[in-house]
K.L.:
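Following this message is one structure expressed as structure tokens.
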Amino acid sequence: MAEQLQAREPSPSVLLLPLPLQGPINAFLKLAHLLSLCSENLKITFVNAEFVHRRLPDLPSRFPGIRFCDFPDGISDDEPRPPAKFCGMVAMFEAEVISALPKFMESPTSVTCLIVDGVLTAVGKKAQELGIPVVYFSTLGPCCIWASCFFVPKLVDSGQIPISKGKDLKESVSNIPGTETTTLRWCDLPSICRTDDLTHPYVQLVLRECRDLPNAQGHILNTFDDLEQPLLTELRSLCPNLYTIGPIHLHSRTKQQPEAEQLVSSNSLWEEDRSCIAWLDDQPSKSVIFVSFGSIVSLTIDQVLEFSFGLVNSGIRFLWVRRPGSIVGVEDGCEESSLQVPAEILKATQERGFIVKWAPQEEVLAHSAIGGFLTHSGWNSTLESIVEGVPMLCWPNGIDQLVISRFVGDVWKIGIDMKDVCDRVVIENQVRDLMEGHREAVSQRANRLSKLAAQAVREEGSSWQALHRLIEDIKFMRLSCRQ
Ligand code: UDX
């Protein structure tokens, strides 16, 4: 009888829907891969934006157990995807997916659970209306989600955001309930707190996210319990069913067969220039600072010059990723003429620097020549650095990065927060400080966190347990939904 019942039940089928940006796509692909490795009878469908699909055409052959499909995000293929277009892109992508949701309910691929990016809550809500259980996967830094959910609505309601002109942003945020014990200053709050227009679509999107996140069957976070315990305890009071399964890239690396590592590790939307690995092979141990500002941040010409001078004058070797189109007003290939870098800086860059358009970042951070990471404090970059025990010099730019850099510098104490400053002398001094000055103590703490991350994803570790609980719950969600 039980067998007959089982035979009639549709097998569990999960639909994964990331935000079409490099960081979320990477994290979602690794989650999909983990699910396919750990659960034999789970059907997995992965939804990409069309432009992602075109840039990663080999996904179906690299992940044969996963079905891929795609939708437009409203921006043509060759256009850059600047932050200014973010809200329009989200709205268009959500509308496309929402109109297709009923199709995903049809047999034989009938979806029994939706795992969707925590930003795409309109899709989550629609899915729930259709009877599909929803699990949000927030790929932003959990410290930012915590700050956004607990403080931002209160600060908006009490009229403290927009922040009044002339306020000292270095002051602690302590004058509203719940913020007494935080180490956050006004300048460390999520970037929407710096708005002077509460009606701005991005502000509204974040407030919508804060409101909607608790209304789901569960919530996946790319972190591990030992890293953020007090904050996770608070978040659980809002979203009781948290799955802390990270660091997801390490988790996926630990689960796969060693010979398959190369196969699953590159989800880059840009072509990786592997010549930097050969260059790193020739550098002394821990002598190089890796410089990368992720997949979204753009720099002005002045900022590129400040970093160039600062890095060269520090005397430290550096490997710098300059993504195509990432300098405001400079077309790809016209850098040399537009930047007008003085000859002595160019010469010094050739002597002790190396510049690539896109690097195999995880591999770079794991390289023995890397001693530090100058980063924009995106959450994926931060976790990748923590896993390799690499201390960070943080130059946060927006979104969650302002909060993450504070945690790196002040809570975990595994780096320096260089927030709101882009000055060649400061950069020179901070690079030296990270690589030579306080190296010993910071490295010790970074290595400790790296070990804790490895423990978390090992068999019976906290992230391992959370992943297996998620898989069991996905099966249970199917039963509770269909009965
Ligand atoms: C965005 C937001 O900007 C960030 O604040 C948020 O935490 C996640 O979403 P992004 O800016 O791209 O992400 O930064 P990050 O989260 O660090 O992700 C960048 C990814 O690109 C990393 O996985 C990194 O390994 C990869 N990368 C970056 C490369 O593979 N090669 C490179 O040369 C640079």
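In each ligand, atom 1 is the first atom listed, and ligand 1 is the first ligand listed. Every heavy atom of this structure was used, including side-chain atoms; hydrogens, water molecules and symmetry mates were not.
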K.L.:
Taking only Lys NZ, Arg NE, NH1 and NH2, and the carboxylate oxygens of Asp or Glu, determine whether Arg185 and Asp410 approach each other closer than 4.0 Å.
P.N.:
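No, Arg185 and Asp410 are not salt-bridged.
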K.L.:
Please verify whether a non-hydrogen atom of Ile296 lies at under 4.0 Å from ligand 1.
P.N.:
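Judged by the 4.0 Å heavy-atom criterion, Ile296 does count as contacting ligand 1.
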K.L.:
I need the atoms of ligand 1 closer than 4.0 Å to a non-hydrogen atom of Ser268, numbered in the order shown.
P.N.:
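Close to Ser268: 30 (O).
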K.L.:
Just heavy atoms, cut-off under 4.0 Å: does Ile399 contact ligand 1 by side chain, backbone, both, or neither?
P.N.:
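Looking at Ile399 and ligand 1, just side chain atoms fall under 4.0 Å.
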K.L.:
Please work out which of Glu272, Gln22, Glu363, Gln361 has its closest non-hydrogen atom nearest to atom 24 (C) of ligand 1.
P.N.:
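Ranked by closest heavy atom to atom 24 (C) of ligand 1, first place is Gln361.
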K.L.:
Are Arg253 and Glu388 within salt-bridge range, i.e. N to O under 4.0 Å?
P.N.:
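The answer is yes: the pair qualifies as a salt bridge.
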K.L.:
For atom 9 (O) of ligand 1, what's the nearest protein heavy-atom neighbour? Residue, atom name and distance, please.
P.N.:
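Nearest protein contact, heavy atoms only, for atom 9 (O) of ligand 1 is Pro24 CD, 4.1 Å.
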K.L.:
Tell me the nearest of Leu402, Asn380, Asn267, Asp117 to atom 16 (O) of ligand 1, using heavy-atom distances.
P.N.:
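Closest candidate by heavy-atom distance is Asn380.
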K.L.:
Only heavy atoms of Trp379, strictly under 4.0 Å: list the atoms of ligand 1 that pass.
P.N.:
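Every atom of ligand 1 under 4.0 Å from some heavy atom of Trp379: 6 (C), 7 (O), 16 (O).
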K.L.:
Would you mind listing every salt bridge (charged side-chain N to carboxylate O under 4.0 Å, His left out) that reaches into residues 279-306, with sequence neighbours excluded?
P.N.:
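Counting only pairs at least two positions apart or across chains, the salt bridge (charged side-chain N to carboxylate O under 4.0 Å, His left out) contacts touching residues 279-306 are Glu306-Arg424.
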K.L.:
Does CD belonging to Glu271 count more than 12 external heavy atoms closer than 6.0 Å?
P.N.:
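Not more than 12 within 6.0 Å, no.
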K.L.:
Which ligand 1 atoms, with their elements, are less than 4.0 angstrom from a heavy-atom of Gln401?
P.N.:
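With Gln401 as reference, the close atoms of ligand 1 come out as 2 (C), 3 (O), 4 (C), 5 (O).
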K.L.:
Do Lys126 and Glu94 have side chains that get closer than 4.5 Å, going by heavy atoms?
P.N.:
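Side chain of Lys126 against side chain of Glu94, heavy atoms only: no contact under 4.5 Å found.
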K.L.:
Under 4.0 Å from any heavy atom of Ser381, which atoms of ligand 1 are there?
P.N.:
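Taking each heavy atom of Ser381 in turn, ligand 1 has 15 (P), 17 (O) under 4.0 Å.
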K.L.:
Can you check whether Ser292 has an N/O within less than 3.5 Å of an N/O in ligand 1?
P.N.:
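Not met; the criterion fails.
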K.L.:
For ligand 1, is there an N or O atom under 3.5 Å from any N or O atom of Thr139?
P.N.:
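Among all N and O atoms of Thr139, none is under 3.5 Å from an N or O of ligand 1.
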K.L.:
Asn26 near ligand 1, heavy-atom distance under 4.0 Å?
P.N.:
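Checking ligand 1 against Asn26, which is what was asked, there is a heavy-atom contact under 4.0 Å.
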K.L.:
Between CZ of Phe150 and OG of Ser237, what distance do you get to the nearest 0.5 Å?
P.N.:
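One gets 4.0 Å once the value is rounded to the nearest 0.5 Å.
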K.L.:
Under 4.0 Å, heavy-atom basis, I'd like to know which part of Glu384 is in contact with ligand 1: side chain, backbone, both or neither.
P.N.:
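It is the side chain that gets close, since no backbone atom is under 4.0 Å.
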K.L.:
At under 4.0 Å between heavy atoms, which part of Ala359 makes contact with ligand 1: side chain, backbone, both or neither?
P.N.:
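Near ligand 1, Ala359 shows its backbone as well as its side chain.
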K.L.:
Step through the shown structure and confirm whether more than 12 heavy atoms of other residues, nucleotides or ligands are within 6.0 Å of CD on Glu331.
P.N.:
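For Glu331, atom CD is not crowded (no more than 12 foreign heavy atoms under 6.0 Å).
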K.L.:
Check salt bridge (Lys or Arg N to Asp or Glu O under 4.0 Å) between Lys357 and all other residues, then give those that pass, not counting sequence neighbours.
P.N.:
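In terms of salt bridge (Lys or Arg N to Asp or Glu O under 4.0 Å), with neighbours along the sequence ignored, Lys357 is linked to Asp332.
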K.L.:
Find all atoms of ligand 1 within a distance of less than 4.0 Å from any non-hydrogen atom belonging to Gly378, and give their numbers and elements.
P.N.:
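Ligand 1 atoms under the 4.0 Å threshold to Gly378: 4 (C), 5 (O), 7 (O), 14 (O), 15 (P), 16 (O), 17 (O).
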K.L.:
With a cut-off of 6.0 Å (strictly less than), are more than 12 heavy atoms of other residues, nucleotides or ligands near CZ of Arg236?
P.N.:
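Above 12, so yes.
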K.L.:
Is there a donor-acceptor contact under 3.5 Å linking the side chains of Asp197 and Thr195?
P.N.:
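No.
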K.L.:
What protein heavy atom sits nearest atom 27 (N) of ligand 1, and how far off is it?
P.N.:
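Nearest protein contact, heavy atoms only, for atom 27 (N) of ligand 1 is Trp358 CZ2, 3.3 Å.
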K.L.:
Go through it in stages, so that I can follow the logic: the residues are Phe318 and Phe307, the test is ring-ring contact (aromatic ring centres under 6.0 Å, His included), and I'd like the CA-CA distance, side-chain angles, deciding distance and then a yes or no.
P.N.:
CA-CA 11 Å; Phe318 59 92; Phe307 279 114; over 10 Å; no
K.L.:
Determine whether Val408 and Thr375 make a side-chain contact, defined as any pair of heavy atoms from C-beta on separated by less than 4.5 Å.
P.N.:
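Of all side-chain heavy-atom pairs linking Thr375 with Val408, none is under 4.5 Å.
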K.L.:
Could you see which bit of His376 sits under 4.0 Å from ligand 1, with heavy atoms only: side chain, backbone, both or neither?
P.N.:
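Just the side chain.
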K.L.:
With nothing but distance in play, are any N or O atoms of Ser295 less than 3.5 Å from an N or O of ligand 1?
P.N.:
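Yes; the residue has a nitrogen or oxygen that sits under 3.5 Å from a nitrogen or oxygen of the ligand.
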K.L.:
Quick one: which ligand 1 atoms are inside 4.0 Å of a heavy atom on Leu140?
P.N.:
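What qualifies from ligand 1 is 6 (C).
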K.L.:
Go through ligand 1 atom by atom and flag the ones less than 4.0 Å from a non-hydrogen atom of Asp400.
P.N.:
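Those qualifying, in numeric order: 4 (C), 5 (O), 6 (C), 7 (O).
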